[in-house]
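Structure record follows, encoded as structure tokens.
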Amino acid sequence: MFAVMKTGGKQYKVQSGDILRVEKLAANAGETIQFNDVLMLGGDKVTVGAPLIAGAGVQAEVVDQIKGEKTINFVKRRRKHSSKRTKGHRQKLTLVKITEILASGADKSGVAAAVGAGSVGSVALAAIDAKSPAANKDQVKKPSKAAPAEKAEEKKAAPKKAAPKKAAKGDGDDLSTISGVGPVIVKKLHAEGVTTFAQIAAWTDADVEAIEEKLSFKGRVGREEWIKQAKELAKG
């Protein structure tokens, strides 16, 4: 028996035992998930959905969170600009193993539906990563009394990361002087508490990844070298 399912904007023909690389899902290794967007079921009898088959599902086990092969994009501008740029990208993927194909009753199976990472906020993703086996290995060995203390420290640490939101209005810089930052982006950055060149200059890789995912910048922070520009502008 086979099924044609959809996830991450792509369609896959799968059978039990198949291993697939799909667009990143919000799940940890070892979890069982269920794809509910089934377009077709085949075998002794072929069933075609309109567009989906009600009650059908494909269950899979998450093997690992991986990255695809690195792709290189080389941009060479016209001669008079005298500039070129090379950038690389590795797509985040989830490796899953198909365990079972359900022709009916999937809606009552109780298995969590597969959800793309792009549909989940950064806070929820951080919580999912924190629940991974690797992250919990050390916590299991610690006394149970230590857990509330760690949570309290995490709560205290959270406001420190959001400290830029408390910056005085008079201390703000004109972020639109950064190449690639227009009025719309300036409003988005202000909403996140980013008002000065110094804040952008101090961003780490983790900060860049979080802000790009939250505000859908799609790699433009690194592509347009905001941090480098901010460091120069902060010097005055």
Side-chain angles (χ1 to χ4, degrees), residues 7-10 21-26 65-94 115-130 132 154-236:
T7 179
K10 301 179 180 67
R21 299 196 309 172
V22 300
E23 294 292 324
K24 185 177 180 181
L25 302 172
Q65 298 285 1
I66 62 175
K67 288 186 177 181
E69 295 76 13
K70 189 169 187 178
T71 57
I72 302 296
N73 181 21
F74 179 77
V75 179
K76 183 177 181 180
R77 295 183 175 85
R78 296 175 61 183
R79 183 175 56 198
K80 67 177 183 180
H81 294 290
S82 185
S83 65
K84 59 185 179 180
R85 177 178 295 159
T86 302
K87 60 181 179 180
H89 173 71
R90 294 187 66 188
Q91 182 66 31
K92 294 183 179 180
L93 303 170
T94 300
V115 179
S119 302
V120 181
S122 58
V123 176
L125 282 177
I128 291 171
D129 292 337
S132 64
E154 290 176 358
K155 290 181 179 179
K156 292 179 180 178
K160 292 181 181 179
K161 292 183 179 179
K165 293 184 178 180
K166 298 181 180 180
K169 293 183 179 179
D171 297 335
D173 296 320
D174 184 5
L175 301 183
S176 63
T177 56
I178 298 176
S179 178
V181 177
V184 175
I185 295 179
V186 169
K187 289 182 180 179
K188 290 183 178 181
L189 291 173
H190 283 180
E192 296 301 317
V194 180
T195 59
T196 65
F197 299 136
Q199 289 175 277
I200 298 177
W203 279 352
T204 63
D205 291 342
D207 295 330
V208 171
E209 185 176 356
I211 200 75
E212 286 194 335
E213 182 176 358
K214 188 170 184 179
L215 302 182
S216 301
F217 285 162
K218 300 180 180 179
R220 67 187 307 167
V221 174
R223 184 170 64 251
E224 297 173 354
E225 300 180 333
W226 289 6
I227 296 177
K228 181 178 179 181
Q229 293 185 62
K231 288 180 179 178
E232 294 296 327
L233 292 169
K235 293 178 182 177

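Worth saying up front: this structure is predicted, and the values here are computed from it rather than measured.
- Within a 6.0 Å sphere centred on NZ of Lys10, heavy atoms belonging to other residues, nucleotides or ligands number more than 12.
- Ile200 has its side chain out of reach of Leu233: every pair of non-hydrogen atoms, C-beta onward, lies at least 4.5 Å apart.
- In this structure a side-chain-to-backbone donor-acceptor pair under 3.5 Å is present from Arg90 to Gly68.
- Thr71 contributes atom OG1, which lies 9.5 Å from atom NZ of Lys87 (distance to the nearest 0.5 angstrom).
- We find the CD-CD1 distance between Gln91 and Ile66 to be 11.0 Å, quoted to the nearest 0.5 Å.
- Contact detail for Ala230 and Ala201: the closest heavy-atom pair is CB-N, 3.8 Å.
- A donor-acceptor contact shorter than 3.5 Å links the side chain of Gln229 to the backbone of Glu224.
- Enclosure of atom CG in Asp205 is not indicated, since only 12 or fewer non-hydrogen atoms of other residues, nucleotides or ligands lie within 6.0 angstrom.
- Taking the side chain as every heavy atom from C-beta outward, Ile185 and Trp226 approach each other to under 4.5 Å.
- The NZ atom of Lys67 sits 13.5 Å away from the CZ atom of Arg21 when rounded to the nearest 0.5 Å.
- With hydrogens and angles ignored, the 3.5 Å screen pairs no side-chain donor or acceptor of Asp173 with any backbone N or O of Leu175.
- Between Lys92 and Glu209 there is a salt bridge, since at least one side-chain N of the basic residue sits less than 4.0 Å from a carboxylate O of the acidic one.
- Distance CD/Glu192 to CD/Gln199: 11.5 Å, rounded to 0.5 Å.
- When atom types are taken as modelled, the side chain of Glu23 and the backbone of Gly116 share no donor-acceptor pair closer than 3.5 angstrom.
- Side-chain atoms of Ser176 do not come within 3.5 Å of backbone N or O of Pro183 as any donor-acceptor pair.
- Side chains of Phe197 and Ile178 form a contact here, defined as non-hydrogen atoms less than 4.5 Å apart.
- Considering all non-hydrogen atoms of both residues, Gly222 and Glu212 come closest at N-OE2, 3.9 Å.
- Here the NZ-NZ distance, from Lys188 to Lys214, works out to 12.0 Å after rounding to the nearest 0.5 Å.
- Atom CG of residue Leu93 and atom CD of residue Glu69 lie 8.0 Å apart, to the nearest 0.5 angstrom.
- Remark: the backbone N or O of Ala26 is not paired with any side-chain donor or acceptor of Gln65 at under 3.5 angstrom.
- In terms of heavy atoms, Ala198 sits closest to Ala234 at N-CB, 4.4 Å.
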